[in-house]
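Below, chains carry the letters A, B, ... as their sequence lines are ordered, and counting in each starts from 1.
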Amino acid sequence: MTKMSLDLTSNQKDMLEGKYGKATRKAMDIITSLGEIYGAKRLIPVSSVQIAGVSYDNLGEAGLEYLSEMAEDGKTRVLTTLNPAGMDMLEWKKHGISEDFAKNQQRVVDAFERMGVVTTCTCTPYLIGNLPHYGEHIAWAESSAVCYANSVIGAFTNREGGPSALAAALTGYTAEYGLHLQENRVAEVKYEIQTELKGNDEFGLVGQAIGTRTGKLIPYITGVKMATTDELKSFCASVATYGGVAIFHIEGITPNRTAIPERIEIITDDDLERAKTELDDEGANIDFISVGCPHASIKEIAEIASMLKGKRVTEGKTVWITTAKPTKDLAVKMGYYDQIEQAGAYLVADACCAVAPLKGKFKGLMTDSAKACFYARGKNKFKTEIRSVEECIKEALS
Amino acid sequence: MQGRKIYRGKVTGEALVTGEDISFYGGCDPETGEIIEKGHHLEGKSISGKILVFPSGKGSTVGSYVLYALKKAEKAPLAIVNRVTDPVVAVGCIISEIPAVDQIEIGKIKSGQKVEVDADSGVVTLLE
């Protein structure tokens, strides 16, 4: 077989010829084929991988079969972490997940574990130990994390899918094209934000407004005075969901150097209001409140715990606060878990409301996440309302 | 017609053509190969054993695994011909070893026509 445009090292050729086993051969076939399609000249080493496509609800038996086949002799060569699963891997039963689903979800996670993947099950790997540095080349799936890594951290990654991210993990390489090249990371449209932004919901709304307007053009954003890490992860999730961009620049906040585009778009209160109208369904009968898309940080959990402490979630309403398992462990240690659960809400690890098998289980979702609205409507057929975290908790208690 | 190789292989078969993008995840039954997206031009038709011709892929990255499932169930298309192959379909073809070519003027191909796809050289030939 010839790989015409790609210049492979002897180690890479060995992988392609099967000297490292059949999973590595298949993985190298994926990497080199993508490299050829997108005109890469060479492969480059990656030092970190984040894999998506973990929930059995999305993968199904076919996905599981593929993973099992790769796990026969495939082993990760770099730090590799995992996206959320369809359930809390320990406390799934009390969240209403079926035995059947739990068994299959466990098979998926086991297959990844056999390959040496650190089975974190979170969309925020950068909060719990998979944190690349500025300028590092990585291969990440999960659109919100891709956006965060490229934009907020300044690492280099394309927007990988499940199989291509796994292929990078098993070979330690990715093809050098797209966002691995500096010239493809330059801002294309300037967005002047002429309104004050505060909270995950507003950063999500502005992400929706810019995302739908910009499509795949890289934004350069001005007028954001300050943003917390939590607000930035909310913005990343939203702008990637509604626009498909994998990188943006915010003046004074993100670290990448870029030329400033001439084309200017203005974002005002009206745009935020319009985004809110688009994400708020009429007659949403709220019976499900979910916060933690992307996964909640320990700071967010502490704040929610203090709002719920000593209160009681209203009968007929279900509350999921979703987070990564290490963050949940910390929340247990700090007493936040008890404050949340004693109020009748759930602190759910490993999963989220977008990938759990929830279709038809609820009528209306209230959330602080613009991304969660998208999946709740499309995949789960819920009506949605987007509000601040405070308003979400208030709704849970009323 | 000269295009670009997405995944290697050479096959001859009957074309099934649509001008609409396809989302394999949620849009195609992974066990039967039937298009199930409501209102899709190919709704109710099976892509199994056909030279499937469509502009581009859309939707979730899990779509790659649907092509893999079709291959395992022996219901996969014989080959895929696109105007522009998106990464989800490209990866799906690679992991399922389905010959695929893009950068083809798909409007020139008609459903039912006999077509040869030589993915190695990126050439699609109308045989009748």
Side-chain angles (χ1 to χ4, degrees), chain A residues 1-5 23 26-39 51-70 83 108 141-143 146 158-168 175 177-178 241 244 246 354-355 359 374-375 378-379, chain B residues 3-10 23-33 36-38 56-76 80 82-103 119-122:
Chain A
M1 183 186 12
T2 49
K3 295 281 171 189
M4 294 305 287
S5 63
K26 183 80 152 183
M28 195 42 114
D29 195 11
I30 294 173
I31 301 284
T32 51
S33 298
L34 287 173
E36 282 210 323
I37 295 168
Y38 297 107
I51 295 177
V54 181
S55 172
Y56 184 79
D57 202 33
N58 297 341
L59 276 174
E61 208 46 39
L64 178 55
E65 198 178 318
Y66 178 75
L67 295 173
S68 304
E69 209 169 285
M70 295 300 271
N83 235 26
V108 173
E142 168 50 34
S143 63
V146 166
N158 281 319
R159 186 174 173 159
E160 303 290 349
S164 63
L166 177 60
Y177 67 92
T241 297
V355 297
K359 190 174 177 179
F374 180 85
Y375 286 98
K379 184 167 166 275
Chain B
R4 170 176 73 163
K5 174 181 94 172
I6 299 295
Y7 195 77
R8 60 180 175 265
K10 186 175 174 178
S23 169
F24 285 93
Y25 179 64
C28 176
D29 187 318
E31 285 168 13
T32 64
I36 50 173
E37 183 182 335
K38 286 265 168 291
S56 191
K58 59 176 182 179
S60 165
T61 57
V62 186
S64 305
Y65 290 124
V66 173
L67 282 164
Y68 184 80
L70 290 168
K71 185 73 175 188
K72 286 281 161 181
E74 299 184 350
K75 298 288 182 190
I80 283 177
N82 288 152
R83 192 175 295 142
V84 184
T85 301
D86 80 304
V88 175
V89 171
V91 170
C93 289
I94 298 163
I95 66 176
S96 322
E97 301 180 355
I98 298 170
V101 174
D102 80 342
Q103 297 180 354
D120 299 288
S121 56

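- Most heavy-atom pairs under 4.5 Å with chain B, from the set A:Ser164, A:Gly161, A:Pro163, A:Ala141: that is A:Pro163.
- In summary, B:Lys71 and B:Glu97 do not engage in a salt bridge, as defined by a charged side-chain N under 4.0 Å from a carboxylate O.
- Between A:Tyr38 and A:Tyr177, the ring planes are parallel. Angles under 30° get that label, and only those over 60° would be called perpendicular.
- For chain B, no part of A:Leu166 is nearby; none of its heavy atoms comes within less than 4.5 Å.
- Contact of B:Val88 with chain A is not made at all, since no heavy-atom distance falls under 4.5 Å.
- Counting heavy-atom pairs under 4.5 Å between each of B:Ile6, B:Asp120, B:Ile95 and chain A puts B:Ile95 at the top.
- Ion pair B:Lys72/A:Glu61 not flagged as a salt bridge, since none of the NZ, NE, NH1 or NH2 atoms sits closer than 4.0 Å to an Asp/Glu carboxylate oxygen.
- Proximity to chain A involves both the backbone and the side chain of B:Pro87, based on heavy atoms less than 4.5 angstrom apart.
- Checked by atom type and distance alone, the side chain of A:Lys379 never pairs as donor or acceptor with a backbone atom of A:Lys359 at under 3.5 Å.
- Between the side chains of A:Asn58 and B:Tyr65, no donor-acceptor pair of N or O atoms lies under 3.5 Å.
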